[in-house]
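What follows is a single structure, written as structure tokens, with notes after it.
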There are 2 protein chains.
Amino acid sequence: MSTPKASGEAPRRRLPRGALTPERIVTASLALLDEQGLAAFTMPRLGRTLGADQTAVYRHFASKDDLVLAVADRLLTEAFEDFEPAGDDWRGTLVDVCQRVRTTYVSHPAAAVLSGPRITTGSSEMKAADAVVGALRTAGIPDPELALYYRVIADFALLWSGGLAGFRILDESIQEAERTTWATAYATAPDQFGNLHAISGDLDRIESEQVFDTALELLLDSIAERAARARTGQDTA
Amino acid sequence: MSTPKASGEAPRRRLPRGALTPERIVTASLALLDEQGLAAFTMPRLGRTLGADQTAVYRHFASKDDLVLAVADRLLTEAFEDFEPAGDDWRGTLVDVCQRVRTTYVSHPAAAVLSGPRITTGSSEMKAADAVVGALRTAGIPDPELALYYRVIADFALLWSGGLAGFRILDESIQEAERTTWATAYATAPDQFGNLHAISGDLDRIESEQVFDTALELLLDSIAERAARARTGQDTA
DNA sequence: ACCTGAACACCGTTCAAGT
DNA sequence: ACCTGAACACCGTTCAAGT
């Protein structure tokens, strides 16, 4: 037995060989981000979480940026775990894909903000990406517009969800301050902002998630409409 | 005259009183972000750009985060300079507002990524926000849905533009790597990704800005459709 | 009143040394 | 083969000192 330090710190022993794996490091990173937030995701703290030295992670990832990429990949793996396309229900498939990204990002906002634009089409979510294309084909969207609508759905899911995550990591106080900014502006110049003032009561009751859902419905309504027009041979003009 | 140093550095003099103003600091920050990128935006480098000590900025901003908020505000001020609602053309007004945000964000991608979720409805863009509400009213959208569609347009413009900016600050090489990821995946498991493979040629030709424009058109088509239904007294069911 | 510069507590990363 | 710890070049921020 070693003599305990006066500070009461646990006497850390050298880790056994192979104790650190990329998977464990990514899991610890995600937990750190979820529980402590973006600012806590540093190599020293990650090392402490793992019971290892602050530099031990460099044996498994070339850089912190490399680790961030792995965390981003983990996020999408989690999002599309057990995903299956909903067969003929093309609209259900597209909603499912977008909701999975949204739910995962909002559950891990700090990790989602880091992942941000680092994801377009990695490996984990390829199956979902392929299903989106299949769903649009089932809907009756013809080439080459199909590729464009695929990008609309993919970008919507990733960019909008990333934006929602960004809101989430702001302090509650900051969120509140931003919410009241325009009310102050209206108080000083009521004639300039009459339109906004008229709907202020309604605005307060809207959640960001509801806005996401509404935008998705609007996009899918238009896609369905264009598919119907394509089926009857009409032009878009 | 003072003796020049061997290294050839310009002998910096003490700045005259009032040489630093919040406006000049924000301008220098934006220029630094535009020309050198996100990683170059540090207090030491900002100080050097201003010809001042690295800590001089703290006489005008409480923290770097405070400065970031001011940069974000400047971005939206620039976006809505000379903005005027397009009168009866509600659709034109909404397109103009969204395009202004997109153009500004893509022109200042590093600053846009920093601003990211720090903006909802600040002061500079209140006029545009009010115009969006007015345009939706002109279109014939009734309360209380109007507030919801306002949020759809506002979130679309800010979140999607922020996402585009995020793509822009990635190295070209990384962008290229992400573009080819799925092609590699298809090569190893062609039967799983047949749908994607079929449209790969079309996908390569799509620019992110075009996706933004298309998504906006889809959103506005659906909003117009719902406004028409509301005018004829039909339900959404 | 405003700017300077030493100083502090961090951070990511490298590399020789341990086991 | 993998982990450690000293070390380096940074960073944001504070504060006493200058002018």
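Throughout, protein chains are lettered first and strands after them, A, B, ... in sequence-line order, and every chain is numbered starting at 1.
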When you get a sec, tell me which of [options] is the closest nucleotide to the side chain of [X]?
{"X": "Thr42(A)", "options": "dT4(C), dC11(C), dT4(D)", "result": "dC11(C)"}
{"X": "Asp53(A)", "options": "dG5(D), dT14(C), dT13(D)", "result": "dG5(D)"}
{"X": "Gln54(B)", "options": "dT4(D), dT13(D), dC11(D)", "result": "dT13(D)"}

Any sub-3.5 Å donor-acceptor pair from Arg100(B)'s side-chain atoms to Leu76(B)'s backbone N or O?
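Absent.
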Counting distance only, does the side-chain N/O of Asp130(B) pair as donor-acceptor with the main-chain N or O of Leu196(A) below 3.5 Å?
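Looks like yes, one N/O pair under 3.5 Å.
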Does Arg45(B) make a side-chain N or O approach to OP1 or OP2 of dC11(D) shorter than 4.0 Å?
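The answer is yes; a side-chain N or O of Arg45(B) sits under 4.0 Å from OP1 or OP2.
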Ignoring backbone atoms, test whether His60(B) places a side-chain nitrogen or oxygen under 4.0 Å from the OP1 or OP2 oxygen of dC3(C).
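Yes, His60(B) has a side-chain N/O under 4.0 Å of OP1/OP2 on dC3(C).
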Comparing Phe41(A) and Arg59(A) on DNA chain C - which has the more 5′ nearest nucleotide:
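Result of the comparison: Phe41(A).
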Can you say whether a donor on the side chain of Thr55(B) sits under 3.5 Å from an acceptor on the base of dG5(C), or the other way round?
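Such a pair is found, so the answer is yes.
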Given the structure, check if the side chain of Arg14(A) and the base of dC3(D) hold any donor-acceptor pair shorter than 3.5 Å.
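Indeed there is one.
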Base, sugar-phosphate or nothing for Ser63(B)? Non-hydrogen atoms, less than 4.0 Å.
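Sugar-phosphate contact only - Ser63(B) comes under 4.0 Å of backbone atoms but never of a base.
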Quick one: do Glu84(B) and Lys127(B) make a salt bridge, cutoff under 4.0 Å?
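Salt bridge present between Glu84(B) and Lys127(B).
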Within this structure, what is the CG-CD1 distance for the pair Leu30(A) and Ile25(A), rounded to the nearest 0.5 Å?
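Taking CG in Leu30(A) and CD1 in Ile25(A), the distance rounds to 14.0 Å.
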